Structure formats: C-alpha cells, structure tokens
Amino acid sequence: MDHGSKGRAITILAWAGLFISLIGALTAIVSGFGHKWGWWDFRTGFSILRWAAYGALSATGLCALAAIFAWLREAWLGFIAAVLGAIVGITTAVIPWSYLRIVRSLPPIHDITTDIGDPPEFFAIQPLRADAPNSSIYGGAAIAQQQRRAYPDLKPTKLGLPPKEVLAHATQVAESMDWEVVAAVPLEGRLEATAATFWFGFKDDVVVRITPSNGGSRVDVRSVSRVGVSDVGANVRRIRAFLKKLDTRIESKWTR
C-alpha cells in the first residue's frame, strides 16, 4: 500500500471513529428523553446510557489510534476527524461516570426537607403518587440522620412578610421554576407542586409549608422523588434554588 492509500485508509478510520462517537452521543441523549417521552422504563434508559458510554469509550480508543497514525502520515483531515471523535466520545462517557460518582458521594435518600423533626405533609398530591414506588411517608430518624450528615446547612427560611403574602410569592417562584402547581391553600399556608427533571423527566413532588413566626413567616420545604433510591442530589438542589429565589424576590420587593 502506497503513502496515499495509507493516508486514505487512516482518514476513513478516523471518520469511522467520529461516526461511532456521534452515534454513542445521540444514543446517550435519547436514553433519557426516551423515558421522559414514555418510550421505555427508566431502568431501560439507564441500560441504554451505560452501553452508549461503552460504545463511546471504544470509539475514543479508535479515534486516538487514528489520530496518532494521521499525525505521522500528515493526513490532517483524518487527524481533525479523529480528535473531534475523541472529544465527543470522552464527553459522552463522562456523563454516566459523573452521575455514578455523585451517587456514590451522597447518601441513598430521595426525601429531603428543611424540617427533619416535623416534615411538611402532602395532601393534594397524594392521589398523584398512588402508583409511585416511593412512599410519601417520611422515613424517620434513619433518613433524618443521613440528611443531617450530607446537608448540614439545609434549614428553613425566615421572612418578614405574613404567610399569605409569602405564599403568593412562593407560588410565583414555583411557576417560574416550571413546577406544576397542584394546590395553593392560603388558609393553611401550603403549596404543593410537581417538578420534573429536564433529561429523564423524573417527577419529584414538593410541598411548601408557611407558618407565622415572630411577626413574619417561616418557610419549610420538602421535596420527594417518586422513583429511585438515590436522587443524585436533585431534591436538595431544588430546595436550595427555591428558597434562594423566594428570598431574592421578597428582598427585591422591599428595596423598591
């Protein structure tokens, strides 16, 4: 095989690696949206994601080999294709690895609240969780202890407005976060809503409890996943984001 033929062969190898990397990336993306769109169970989605990562890793190895040969043969088009393929492959493989790393670093819990002694309760959302594998009944001391160790900073927020006004603001914040508001009960200071994750579309239910406190209000939040042992930190991130947005919104009203 002459120099030109070898260069073409290396270029073809590089483009093949890029193509496989792109297929792996597309498969990884569809693994989550497929569950969100109701095509398959989330466990199937996780399996698809895992095999997509394996394929991406294989493609990365192929692209790395092609890049070396392309560099030596000065087949620059093939070199560029190989490098792009390696980047796509590595990126695709990193996604499930990063999720696995997060899961291993966090406690296997999916029920997070700012009040582990007296968690807010669900009422309006209960029928929507009828078929959910995870119960809405709080797990008690065992769950509370794991949360305390993992998220010691999580606590209720104190605000200077009366509960009814805080509830109105909380409802608007929930809607701005694309939560589906199921119930807002001013007389009870209670807001119930459902949030869905972007990729897999996992549904987590949220209840906000607002009670009078020293002339103002105390806001407690609880977020519970419907499926899964671990929430990969989604619930605590959601609670923190909600409380921050609520506090910022009310503070901005005061400073106007």
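All values reported here derive from a predicted model rather than from experimental measurement. Residue numbers count from 1 along this sequence.
Taking the centre of each ring, F79 and F69 stay at or above the 6.0 Å mark. Centroid-to-centroid, the aromatic rings of Y138 and F122 stay 6.0 Å apart or farther. In summary, the aromatic rings of F242 and W179 are positioned with their centroids under 6.0 Å apart.
Put simply, the residue from V221, V206, T113 that forms a side-chain contact (heavy atoms from CB on, under 4.5 Å) with I239 is V221. When the options R222, R209, R148 are evaluated for a salt bridge (Lys or Arg N to Asp or Glu O under 4.0 Å) with D115, the one that passes is R209.
Under the 4.5 Å side-chain contact rule for hydrophobic residues, V207 and V182 share a cluster. No single ILVMFWY cluster, assembled from side-chain heavy atoms under 4.5 Å apart, contains both I87 and L22.
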Task: ring pair (Phe, Tyr, Trp, His ring centres under 6.0 Å) evaluation trace for F46 with F200 - done: CA-CA 10 Å; F46 285 158; F200 271 78; 5.0 Å; yes

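Judged by distance alone, with hydrogens and angles left aside, the side-chain atoms of R129 form a donor-acceptor pair with the main-chain N or O of N134 at under 3.5 Å. A donor-acceptor distance shorter than 3.5 angstrom exists from the side chain of E192 to the backbone of I125, with no hydrogens or angles considered. Within the 3.5 Å criterion, the main-chain N or O of I48 finds no donor-acceptor partner in the side chain of W40. With E180 contributing its side chain and T194 its backbone, the two residues share no donor-acceptor pair below 3.5 Å.
For S223 and D205, the side-chain atoms include no donor-acceptor pair closer than 3.5 Å. Side-chain contact of D204 with S225: a donor-acceptor pair under 3.5 Å is present, judged by distance alone.
Separating the OG1 atom in T211 from the CZ atom in R190 is a distance of 13.5 Å, to the nearest 0.5 Å.
I137 CD1: 12 or fewer foreign heavy atoms inside a 6.0 Å radius.
In this structure, K36 fails the cation-pi test against F202, since its NZ or CZ atom is not both closer than 6.0 Å to the six-membered ring centre and inside 45 degrees of the ring normal.
The salt bridge (Lys or Arg N to Asp or Glu O under 4.0 Å) search around R237 returns none, not counting sequence neighbours. Every residue two or more places apart in sequence or in another chain was checked for a side-chain hydrogen bond (donor to acceptor under 3.5 Å, both in side chains) with D247, and none qualifies.
Of all non-hydrogen atoms in P107 and S230, the two that sit nearest each other are O-OG, 4.2 Å. A pairwise comparison of heavy atoms in S21 and T92 identifies O-OG1, 4.5 Å as the closest pair.
A salt bridge does not link D153 to K155: none of the charged side-chain nitrogens sits closer than 4.0 Å to a carboxylate oxygen.
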